[in-house]
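A, B, ... follow the sequence lines: proteins, then strands. Residue 1 opens every chain.
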Amino acid sequence: MNLFYYAAPHTFYPLAGTMARVFYALAVVLGAIGLYIGFFVAPTDAQQGEGYRIIFIHVPTAWMSMFLYVVMAFWAAVGLAFNTRLSAMMAQAIAPTGAWMTFLALWTGALWGKPMWGTWWVWDARLTSELILLFLYLGFMALQAAIDDPRRADRAGAVLAIVGVVNVPIIYFSVQWWNTLHQGASVSLTRSPSMATTMLWGMLVMALAFWMYCLGATLTRVRAIILERERRSDWARDLARGAKAGREAAA
Amino acid sequence: MSAPAPLAAFACVLRRDLLLALRRRSDLATTLFFFVIVVSLFPLGVGPEANLLRTMAPGVVWVAALLASMLALGRLFAGDYADGTLEQLVLAPHPLGLLVGAKVAAHWLVTGLPLVVLAPLLGLAFDLGPRALGVLALTLLLGTPTLGLVGAIGAALTLGLRGAGALLSLLVLPLYIPVLIFGAGAVEAVANGLGPGAHLSVLGALLALAVFFAPWAAAVALRISLE
(Lines give C-alpha, C1' and ligand atoms only; values in the text may rest on other atoms or scores of the structure.)
Protein backbone atom coordinates (compact mmCIF):
# COMPACT_ATOMS: atom_id res chain seq x y z
CA MET A 1 0.00 0.00 0.00
CA ASN A 2 1.27 3.43 -0.84
CA LEU A 3 1.96 5.24 2.40
CA PHE A 4 1.14 8.59 0.84
CA TYR A 5 -2.22 7.46 -0.47
CA TYR A 6 -4.00 9.30 2.33
CA ALA A 7 -1.98 12.49 1.88
CA ALA A 8 -4.48 13.71 -0.70
CA PRO A 9 -7.37 15.62 0.85
CA HIS A 10 -10.12 13.73 -1.00
CA THR A 11 -8.83 10.31 0.13
CA PHE A 12 -8.18 11.54 3.64
CA TYR A 13 -11.67 13.01 4.02
CA PRO A 14 -13.59 9.72 4.47
CA LEU A 15 -10.74 8.19 6.50
CA ALA A 16 -10.78 11.21 8.84
CA GLY A 17 -14.53 10.75 9.28
CA THR A 18 -14.15 7.13 10.35
CA MET A 19 -11.18 7.89 12.59
CA ALA A 20 -12.96 10.82 14.22
CA ARG A 21 -15.92 8.57 15.15
CA VAL A 22 -13.58 5.95 16.65
CA PHE A 23 -11.63 8.56 18.63
CA TYR A 24 -14.80 10.20 19.92
CA ALA A 25 -16.15 6.82 21.06
CA LEU A 26 -12.84 6.05 22.80
CA ALA A 27 -12.90 9.50 24.41
CA VAL A 28 -16.37 8.87 25.84
CA VAL A 29 -15.47 5.42 27.19
CA LEU A 30 -12.12 6.48 28.64
CA GLY A 31 -13.64 9.68 30.01
CA ALA A 32 -16.36 7.69 31.78
CA ILE A 33 -13.77 5.32 33.29
CA GLY A 34 -11.48 8.19 34.24
CA LEU A 35 -14.24 10.21 35.86
CA TYR A 36 -15.46 7.14 37.75
CA ILE A 37 -11.96 6.56 39.13
CA GLY A 38 -11.63 10.28 39.82
CA PHE A 39 -14.88 10.68 41.70
CA PHE A 40 -15.49 7.31 43.36
CA VAL A 41 -12.26 5.30 43.56
CA ALA A 42 -9.55 7.88 44.24
CA PRO A 43 -9.31 8.64 47.96
CA THR A 44 -9.90 12.05 49.49
CA ASP A 45 -6.63 13.98 49.70
CA ALA A 46 -5.30 14.40 53.23
CA GLN A 47 -4.34 18.05 52.74
CA GLN A 48 -6.61 19.28 49.97
CA GLY A 49 -9.87 17.46 50.72
CA GLU A 50 -12.20 16.91 47.77
CA GLY A 51 -11.10 20.04 45.93
CA TYR A 52 -8.08 18.35 44.43
CA ARG A 53 -10.30 16.26 42.14
CA ILE A 54 -10.16 18.96 39.49
CA ILE A 55 -6.68 17.62 38.82
CA PHE A 56 -8.30 14.98 36.61
CA ILE A 57 -9.27 17.74 34.17
CA HIS A 58 -6.53 20.24 34.87
CA VAL A 59 -3.41 18.15 34.31
CA PRO A 60 -4.58 16.44 31.08
CA THR A 61 -5.61 19.77 29.52
CA ALA A 62 -2.29 21.35 30.48
CA TRP A 63 -0.40 18.43 28.93
CA MET A 64 -2.47 18.57 25.76
CA SER A 65 -2.09 22.35 25.46
CA MET A 66 1.70 22.10 25.29
CA PHE A 67 1.80 18.92 23.25
CA LEU A 68 -0.64 20.24 20.63
CA TYR A 69 1.49 23.34 20.01
CA VAL A 70 4.45 21.15 19.12
CA VAL A 71 2.26 18.94 16.91
CA MET A 72 0.85 22.04 15.22
CA ALA A 73 4.33 23.42 14.56
CA PHE A 74 5.39 20.01 13.24
CA TRP A 75 2.59 19.86 10.67
CA ALA A 76 3.14 23.52 9.78
CA ALA A 77 6.83 22.84 9.17
CA VAL A 78 6.06 19.75 7.06
CA GLY A 79 3.59 21.82 5.05
CA LEU A 80 6.15 24.58 4.51
CA ALA A 81 8.98 22.23 3.61
CA PHE A 82 7.18 19.78 1.31
CA ASN A 83 4.33 22.00 0.18
CA THR A 84 1.73 19.40 1.14
CA ARG A 85 -1.74 20.88 1.40
CA LEU A 86 -3.05 18.47 4.01
CA SER A 87 -0.26 19.20 6.51
CA ALA A 88 -1.08 22.90 6.54
CA MET A 89 -4.77 22.06 6.96
CA MET A 90 -3.88 19.85 9.94
CA ALA A 91 -1.94 22.70 11.55
CA GLN A 92 -4.87 25.03 11.03
CA ALA A 93 -7.28 22.45 12.48
CA ILE A 94 -5.17 21.81 15.59
CA ALA A 95 -4.88 25.48 16.63
CA PRO A 96 -8.43 26.03 18.00
CA THR A 97 -8.33 22.75 19.97
CA GLY A 98 -4.95 23.69 21.38
CA ALA A 99 -6.18 27.13 22.38
CA TRP A 100 -9.25 25.55 23.97
CA MET A 101 -7.09 23.13 26.00
CA THR A 102 -4.88 26.03 27.13
CA PHE A 103 -7.92 28.01 28.18
CA LEU A 104 -9.35 25.01 30.06
CA ALA A 105 -6.04 24.46 31.84
CA LEU A 106 -5.96 28.10 32.95
CA TRP A 107 -9.61 28.08 33.94
CA THR A 108 -9.49 24.87 35.97
CA GLY A 109 -6.22 26.08 37.48
CA ALA A 110 -7.98 29.20 38.70
CA LEU A 111 -10.84 27.11 40.10
CA TRP A 112 -8.31 24.93 41.89
CA GLY A 113 -6.24 27.85 43.12
CA LYS A 114 -9.10 29.65 44.84
CA PRO A 115 -9.86 27.01 47.52
CA MET A 116 -6.23 25.83 47.85
CA TRP A 117 -4.21 29.05 47.85
CA GLY A 118 -7.04 31.49 48.48
CA THR A 119 -6.48 33.28 45.19
CA TRP A 120 -7.62 32.82 41.59
CA TRP A 121 -4.30 33.70 40.09
CA VAL A 122 -0.66 33.92 41.11
CA TRP A 123 2.15 35.08 38.83
CA ASP A 124 3.80 31.71 39.08
CA ALA A 125 6.17 30.64 36.31
CA ARG A 126 3.92 27.83 35.08
CA LEU A 127 0.75 29.89 35.07
CA THR A 128 2.43 32.77 33.28
CA SER A 129 3.97 30.56 30.60
CA GLU A 130 0.61 28.87 30.04
CA LEU A 131 -0.96 32.30 29.56
CA ILE A 132 1.73 33.22 27.04
CA LEU A 133 1.07 29.93 25.25
CA LEU A 134 -2.57 30.99 24.91
CA PHE A 135 -1.39 34.26 23.33
CA LEU A 136 0.77 32.32 20.88
CA TYR A 137 -2.21 30.18 19.83
CA LEU A 138 -4.40 33.25 19.44
CA GLY A 139 -1.71 35.00 17.38
CA PHE A 140 -1.47 32.00 15.04
CA MET A 141 -5.24 31.88 14.59
CA ALA A 142 -5.52 35.66 14.12
CA LEU A 143 -2.79 35.68 11.47
CA GLN A 144 -4.45 32.89 9.50
CA ALA A 145 -7.83 34.56 9.78
CA ALA A 146 -6.45 37.89 8.52
CA ILE A 147 -5.04 36.44 5.28
CA ASP A 148 -7.60 35.71 2.57
CA ASP A 149 -5.40 33.66 0.27
CA PRO A 150 -5.28 30.19 1.91
CA ARG A 151 -1.86 29.40 0.44
CA ARG A 152 -0.28 32.52 1.91
CA ALA A 153 -2.17 31.96 5.18
CA ASP A 154 -0.73 28.45 5.45
CA ARG A 155 2.83 29.52 4.81
CA ALA A 156 2.73 32.65 6.97
CA GLY A 157 1.15 30.67 9.79
CA ALA A 158 3.84 28.03 9.42
CA VAL A 159 6.64 30.58 9.81
CA LEU A 160 4.92 31.97 12.90
CA ALA A 161 4.39 28.52 14.42
CA ILE A 162 8.05 27.60 13.88
CA VAL A 163 9.27 30.91 15.35
CA GLY A 164 6.88 30.28 18.25
CA VAL A 165 8.06 26.76 18.93
CA VAL A 166 11.68 27.92 18.99
CA ASN A 167 10.69 30.63 21.44
CA VAL A 168 8.60 28.48 23.78
CA PRO A 169 11.59 27.07 25.73
CA ILE A 170 13.23 30.51 25.88
CA ILE A 171 10.02 32.04 27.19
CA TYR A 172 9.53 29.19 29.65
CA PHE A 173 13.02 29.49 31.16
CA SER A 174 12.99 33.27 31.25
CA VAL A 175 9.65 33.25 33.04
CA GLN A 176 11.06 30.76 35.53
CA TRP A 177 14.10 32.97 36.10
CA TRP A 178 11.86 36.01 36.50
CA ASN A 179 9.77 34.13 39.04
CA THR A 180 12.73 33.14 41.22
CA LEU A 181 14.02 36.71 41.22
CA HIS A 182 10.75 38.23 42.22
CA GLN A 183 9.21 37.27 45.51
CA GLY A 184 8.28 33.65 44.83
CA ALA A 185 4.70 32.45 45.00
CA SER A 186 3.77 31.39 48.51
CA VAL A 187 2.78 27.94 47.33
CA SER A 188 5.13 25.90 45.21
CA LEU A 189 3.53 23.99 42.39
CA THR A 190 6.64 22.01 41.65
CA ARG A 191 6.84 20.30 45.02
CA SER A 192 3.93 17.98 44.44
CA PRO A 193 3.15 15.54 47.23
CA SER A 194 3.52 11.90 46.35
CA MET A 195 0.31 10.77 44.76
CA ALA A 196 -1.84 7.76 45.54
CA THR A 197 -1.69 5.15 42.78
CA THR A 198 -5.41 5.36 42.05
CA MET A 199 -5.14 9.12 41.60
CA LEU A 200 -2.31 8.63 39.15
CA TRP A 201 -4.30 6.03 37.23
CA GLY A 202 -7.33 8.28 37.08
CA MET A 203 -5.18 11.09 35.74
CA LEU A 204 -3.55 8.91 33.10
CA VAL A 205 -6.90 7.54 31.91
CA MET A 206 -8.29 11.08 31.73
CA ALA A 207 -5.19 12.19 29.82
CA LEU A 208 -5.86 9.43 27.27
CA ALA A 209 -9.51 10.50 27.09
CA PHE A 210 -8.47 14.09 26.35
CA TRP A 211 -5.98 12.84 23.80
CA MET A 212 -8.75 10.95 22.01
CA TYR A 213 -11.06 13.96 22.21
CA CYS A 214 -8.38 16.26 20.72
CA LEU A 215 -7.78 13.81 17.87
CA GLY A 216 -11.50 13.54 17.19
CA ALA A 217 -12.07 17.29 17.30
CA THR A 218 -9.06 18.01 15.09
CA LEU A 219 -10.10 15.43 12.50
CA THR A 220 -13.66 16.75 12.46
CA ARG A 221 -12.35 20.26 11.93
CA VAL A 222 -9.90 19.20 9.24
CA ARG A 223 -12.83 17.60 7.38
CA ALA A 224 -14.61 20.93 7.39
CA ILE A 225 -11.46 22.72 6.20
CA ILE A 226 -10.95 20.16 3.41
CA LEU A 227 -14.52 20.61 2.19
CA GLU A 228 -14.25 24.39 2.32
CA ARG A 229 -11.02 24.49 0.35
CA GLU A 230 -11.97 21.79 -2.14
CA ARG A 231 -15.46 23.11 -2.71
CA ARG A 232 -14.76 23.65 -6.41
CA SER A 233 -13.52 20.10 -6.99
CA ASP A 234 -15.75 17.40 -8.43
CA TRP A 235 -15.64 15.00 -5.50
CA ALA A 236 -16.68 17.72 -3.02
CA ARG A 237 -19.55 18.76 -5.28
CA ASP A 238 -20.67 15.15 -5.66
CA LEU A 239 -20.53 14.79 -1.90
CA ALA A 240 -22.61 17.92 -1.35
CA ARG A 241 -25.09 16.80 -4.03
CA GLY A 242 -25.35 13.36 -2.42
CA ALA A 243 -25.99 14.91 0.98
CA LYS A 244 -28.67 17.15 -0.50
CA ALA A 245 -30.34 14.22 -2.24
CA GLY A 246 -30.26 12.29 1.01
CA ARG A 247 -31.96 15.14 2.86
CA GLU A 248 -34.64 15.41 0.18
CA ALA A 249 -35.27 11.65 0.27
CA ALA A 250 -35.64 11.79 4.04
CA ALA A 251 -38.05 14.73 3.88
CA MET B 1 28.75 44.95 -14.71
CA SER B 2 29.18 42.42 -11.95
CA ALA B 3 27.03 42.65 -8.85
CA PRO B 4 28.64 44.49 -5.94
CA ALA B 5 29.93 42.49 -3.01
CA PRO B 6 27.41 41.51 -0.32
CA LEU B 7 28.88 43.95 2.19
CA ALA B 8 28.60 46.78 -0.31
CA ALA B 9 24.92 45.89 -0.80
CA PHE B 10 24.43 45.88 2.96
CA ALA B 11 26.00 49.33 3.24
CA CYS B 12 23.97 50.59 0.29
CA VAL B 13 20.62 49.56 1.81
CA LEU B 14 21.69 50.91 5.19
CA ARG B 15 22.68 54.28 3.72
CA ARG B 16 19.51 54.51 1.67
CA ASP B 17 17.23 53.77 4.62
CA LEU B 18 19.06 56.21 6.87
CA LEU B 19 18.83 58.91 4.23
CA LEU B 20 15.11 58.32 3.77
CA ALA B 21 14.57 58.44 7.53
CA LEU B 22 16.52 61.68 7.88
CA ARG B 23 14.41 63.30 5.17
CA ARG B 24 11.29 62.57 7.22
CA ARG B 25 12.38 63.46 10.73
CA SER B 26 8.88 63.95 12.13
CA ASP B 27 8.25 60.20 11.83
CA LEU B 28 11.16 59.53 14.14
CA ALA B 29 9.97 62.10 16.66
CA THR B 30 6.60 60.35 16.89
CA THR B 31 8.13 57.13 18.24
CA LEU B 32 10.24 59.08 20.69
CA PHE B 33 7.34 61.17 21.95
CA PHE B 34 5.25 58.04 22.33
CA PHE B 35 7.97 56.54 24.52
CA VAL B 36 8.17 59.66 26.72
CA ILE B 37 4.40 59.98 27.03
CA VAL B 38 3.83 56.34 28.01
CA VAL B 39 6.53 56.58 30.69
CA SER B 40 5.12 59.81 32.09
CA LEU B 41 1.58 58.38 32.23
CA PHE B 42 2.59 55.91 34.93
CA PRO B 43 3.24 58.40 37.76
CA LEU B 44 -0.10 60.01 36.91
CA GLY B 45 -1.78 56.63 37.14
CA VAL B 46 -0.21 55.23 40.30
CA GLY B 47 0.59 58.40 42.25
CA PRO B 48 3.77 60.41 42.80
CA GLU B 49 5.21 58.43 45.73
CA ALA B 50 8.98 58.26 45.14
CA ASN B 51 9.63 54.81 46.62
CA LEU B 52 6.93 53.17 44.55
CA LEU B 53 8.10 54.89 41.39
CA ARG B 54 11.72 53.89 41.98
CA THR B 55 10.73 50.19 42.25
CA MET B 56 8.57 50.43 39.16
CA ALA B 57 10.97 52.43 37.01
CA PRO B 58 12.86 49.58 35.25
CA GLY B 59 9.66 47.80 34.30
CA VAL B 60 7.89 50.96 33.22
CA VAL B 61 10.73 52.18 31.01
CA TRP B 62 11.16 48.74 29.49
CA VAL B 63 7.47 48.21 28.76
CA ALA B 64 7.34 51.66 27.17
CA ALA B 65 10.40 50.84 25.06
CA LEU B 66 8.74 47.58 24.00
CA LEU B 67 5.57 49.37 22.92
CA ALA B 68 7.48 52.17 21.18
CA SER B 69 9.61 49.77 19.13
CA MET B 70 6.54 47.74 18.27
CA LEU B 71 4.75 50.89 17.11
CA ALA B 72 7.68 51.74 14.86
CA LEU B 73 7.70 48.27 13.24
CA GLY B 74 4.80 49.14 10.97
CA ARG B 75 7.12 51.44 9.01
CA LEU B 76 9.92 48.90 8.59
CA PHE B 77 8.71 47.43 5.30
CA ALA B 78 5.47 49.32 4.58
CA GLY B 79 6.97 52.18 2.54
CA ASP B 80 9.11 49.89 0.42
CA TYR B 81 6.17 47.54 -0.05
CA ALA B 82 3.95 50.38 -1.27
CA ASP B 83 6.40 51.73 -3.87
CA GLY B 84 7.72 48.39 -5.11
CA THR B 85 11.27 48.71 -3.73
CA LEU B 86 10.77 45.58 -1.69
CA GLU B 87 10.21 43.49 -4.81
CA GLN B 88 13.47 44.81 -6.22
CA LEU B 89 15.24 43.81 -3.00
CA VAL B 90 13.78 40.32 -3.25
CA LEU B 91 14.95 40.06 -6.87
CA ALA B 92 18.43 41.36 -6.04
CA PRO B 93 21.29 38.87 -6.47
CA HIS B 94 22.26 39.16 -2.79
CA PRO B 95 20.93 37.05 0.08
CA LEU B 96 17.64 38.63 1.12
CA GLY B 97 18.47 37.99 4.78
CA LEU B 98 21.47 40.31 4.49
CA LEU B 99 19.39 43.11 2.98
CA VAL B 100 16.71 42.60 5.64
CA GLY B 101 19.50 42.82 8.23
CA ALA B 102 20.56 46.16 6.75
CA LYS B 103 17.00 47.46 6.87
CA VAL B 104 16.63 46.37 10.50
CA ALA B 105 19.98 47.97 11.38
CA ALA B 106 18.92 51.28 9.84
CA HIS B 107 15.56 51.01 11.55
CA TRP B 108 17.26 50.45 14.90
CA LEU B 109 19.63 53.39 14.41
CA VAL B 110 16.73 55.80 13.90
CA THR B 111 14.13 54.35 16.31
CA GLY B 112 16.03 52.19 18.83
CA LEU B 113 19.14 54.21 19.54
CA PRO B 114 17.22 57.40 20.50
CA LEU B 115 15.34 55.33 23.11
CA VAL B 116 18.67 54.16 24.55
CA VAL B 117 19.88 57.76 24.80
CA LEU B 118 16.66 59.09 26.25
CA ALA B 119 15.96 56.32 28.77
CA PRO B 120 18.47 57.44 31.46
CA LEU B 121 16.85 60.87 31.45
CA LEU B 122 13.46 59.32 32.12
CA GLY B 123 15.00 57.03 34.73
CA LEU B 124 16.33 60.13 36.45
CA ALA B 125 12.77 61.43 36.75
CA PHE B 126 11.94 58.14 38.53
CA ASP B 127 14.80 58.71 40.99
CA LEU B 128 17.01 55.81 39.86
CA GLY B 129 20.62 55.78 41.11
CA PRO B 130 23.51 56.56 38.73
CA ARG B 131 24.61 52.92 38.46
CA ALA B 132 21.07 51.76 37.70
CA LEU B 133 20.78 54.46 35.02
CA GLY B 134 23.93 53.25 33.31
CA VAL B 135 22.72 49.65 33.38
CA LEU B 136 19.30 50.73 32.09
CA ALA B 137 20.94 52.31 29.04
CA LEU B 138 23.15 49.25 28.59
CA THR B 139 20.22 46.80 28.72
CA LEU B 140 18.32 48.88 26.17
CA LEU B 141 21.42 48.99 23.98
CA LEU B 142 21.55 45.17 24.03
CA GLY B 143 17.81 44.59 24.03
CA THR B 144 16.29 46.98 21.48
CA PRO B 145 18.16 45.46 18.48
CA THR B 146 16.68 42.08 19.46
CA LEU B 147 13.22 43.67 19.52
CA GLY B 148 13.77 45.09 16.04
CA LEU B 149 15.04 41.78 14.67
CA VAL B 150 12.24 39.64 16.11
CA GLY B 151 9.72 42.31 15.19
CA ALA B 152 10.92 42.24 11.58
CA ILE B 153 9.56 38.68 11.29
CA GLY B 154 6.14 39.87 12.48
CA ALA B 155 6.25 42.96 10.24
CA ALA B 156 7.09 40.79 7.23
CA LEU B 157 4.28 38.32 8.00
CA THR B 158 1.61 41.02 8.38
CA LEU B 159 2.72 43.03 5.34
CA GLY B 160 -0.28 44.52 3.53
CA LEU B 161 -2.92 42.81 5.66
CA ARG B 162 -6.14 44.27 7.04
CA GLY B 163 -5.60 45.61 10.57
CA ALA B 164 -1.90 44.82 10.36
CA GLY B 165 -1.02 47.02 13.34
CA ALA B 166 -3.16 45.26 15.93
CA LEU B 167 -2.28 41.86 14.49
CA LEU B 168 1.41 42.69 14.66
CA SER B 169 1.18 43.44 18.36
CA LEU B 170 -0.58 40.12 18.99
CA LEU B 171 2.14 38.23 17.13
CA VAL B 172 5.19 40.06 18.39
CA LEU B 173 4.55 41.01 22.02
CA PRO B 174 4.56 37.41 23.39
CA LEU B 175 7.93 36.89 21.69
CA TYR B 176 9.29 40.05 23.36
CA ILE B 177 8.73 38.69 26.86
CA PRO B 178 12.22 37.19 27.44
CA VAL B 179 13.87 40.50 26.50
CA LEU B 180 11.56 42.38 28.85
CA ILE B 181 12.27 40.00 31.73
CA PHE B 182 16.04 40.17 31.45
CA GLY B 183 16.19 43.86 30.55
CA ALA B 184 14.09 45.03 33.45
CA GLY B 185 15.62 42.32 35.66
CA ALA B 186 19.16 43.64 35.20
CA VAL B 187 18.20 47.15 36.31
CA GLU B 188 16.23 45.76 39.22
CA ALA B 189 19.18 43.61 40.29
CA VAL B 190 21.43 46.69 40.36
CA ALA B 191 18.83 48.68 42.29
CA ASN B 192 18.76 45.84 44.87
CA GLY B 193 22.57 45.82 45.16
CA LEU B 194 23.21 42.74 43.01
CA GLY B 195 25.35 42.46 39.90
CA PRO B 196 23.68 42.73 36.49
CA GLY B 197 26.19 40.39 34.81
CA ALA B 198 24.02 37.32 34.39
CA HIS B 199 21.11 39.30 32.95
CA LEU B 200 23.34 41.17 30.55
CA SER B 201 24.89 37.91 29.38
CA VAL B 202 21.47 36.45 28.62
CA LEU B 203 20.45 39.64 26.78
CA GLY B 204 23.63 39.36 24.73
CA ALA B 205 22.88 35.71 24.00
CA LEU B 206 19.36 36.57 22.87
CA LEU B 207 20.79 39.27 20.61
CA ALA B 208 23.30 36.84 19.11
CA LEU B 209 20.54 34.29 18.43
CA ALA B 210 18.30 36.96 16.91
CA VAL B 211 21.07 38.36 14.68
CA PHE B 212 21.73 34.87 13.39
CA PHE B 213 18.19 33.60 12.81
CA ALA B 214 15.77 36.52 12.60
CA PRO B 215 16.89 38.14 9.29
CA TRP B 216 16.67 34.75 7.63
CA ALA B 217 13.19 34.04 9.05
CA ALA B 218 12.06 37.55 8.10
CA ALA B 219 13.37 36.98 4.56
CA VAL B 220 11.32 33.77 4.29
CA ALA B 221 8.27 35.64 5.58
CA LEU B 222 8.83 38.48 3.07
CA ARG B 223 8.95 36.04 0.18
CA ILE B 224 5.67 34.52 1.35
CA SER B 225 4.02 37.94 1.66
CA LEU B 226 5.21 39.10 -1.77
CA GLU B 227 4.11 36.05 -3.73
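- The number of heavy-atom neighbours closer than 6.0 Å to CH2 of A:Trp107, taken from other residues, nucleotides and ligands shown, is 12 or below.
- Heavy atoms from other residues, nucleotides or ligands lying under 6.0 Å from CG of A:Asp234 number 12 at most.
- At a 4.5 Å heavy-atom cutoff, the contact between B:Leu161 and chain A is made by side-chain atoms alone.
- Across all non-hydrogen atoms, the minimal contact from B:Thr158 to A:Arg152 is C-NH2, 4.4 Å.
- At a 4.5 Å heavy-atom cutoff, the contact between B:Leu206 and chain A is made by side-chain atoms alone.
- Applying the ring pair (Phe, Tyr, Trp, His ring centres under 6.0 Å) test to B:Phe126 and every residue at least two apart in sequence or in another chain returns nothing.
- Closest approach of A:Ala142 to B:Leu167, counting heavy atoms only: CB-CD1, 3.5 Å.
- Proximity of A:Arg151 to B:Glu227: side-chain heavy atoms (C-beta onward) are separated by under 4.5 Å at one or more points.
- When all heavy atoms of B:Ala217 and A:Val159 are compared, the pair lying nearest together is O-CG1, 4.4 Å.
- With a 4.5 Å cut-off on non-hydrogen atoms, B:Ser225 touches chain A through its backbone and its side chain both.
- Neither the backbone nor the side chain of B:Leu168 comes within contact range of chain A, judged by heavy atoms closer than 4.5 Å.
- In this structure, B:Trp108 places its CH2 atom where more than 12 heavy-atom neighbours from other residues, nucleotides or ligands lie under 6.0 Å away.
- With contacts defined as side-chain heavy-atom distances shorter than 4.5 Å, the pair B:Arg162/A:Asp148 qualifies.
- Contacts of B:Leu157 with chain A are made by both backbone and side-chain atoms, with heavy-atom separations under 4.5 Å.
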> Could you go step by step and tell me if A:Ile170 and B:Leu209 meet the side chain to side chain contact (heavy atoms under 4.5 Å, CB included) rule?
Replying inline: CA-CA 11 Å; A:Ile170 299 179; B:Leu209 273 178; 4.2 Å; yes

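- Between B:Ile224 atom CD1 and A:Leu80 atom CG the span is 5.5 Å, to the nearest 0.5 Å.
- Residue B:Leu175 touches chain A through both its backbone and its side chain, counting heavy-atom pairs closer than 4.5 Å.
- For the pair B:Pro174 and A:Ile171, the tightest heavy-atom approach, listed with the atom from each and the gap, is O-CD1, 3.6 Å.
- Considering only heavy atoms from C-beta on, A:Met141 stays 4.5 Å or farther from B:Leu170 through its side chain.
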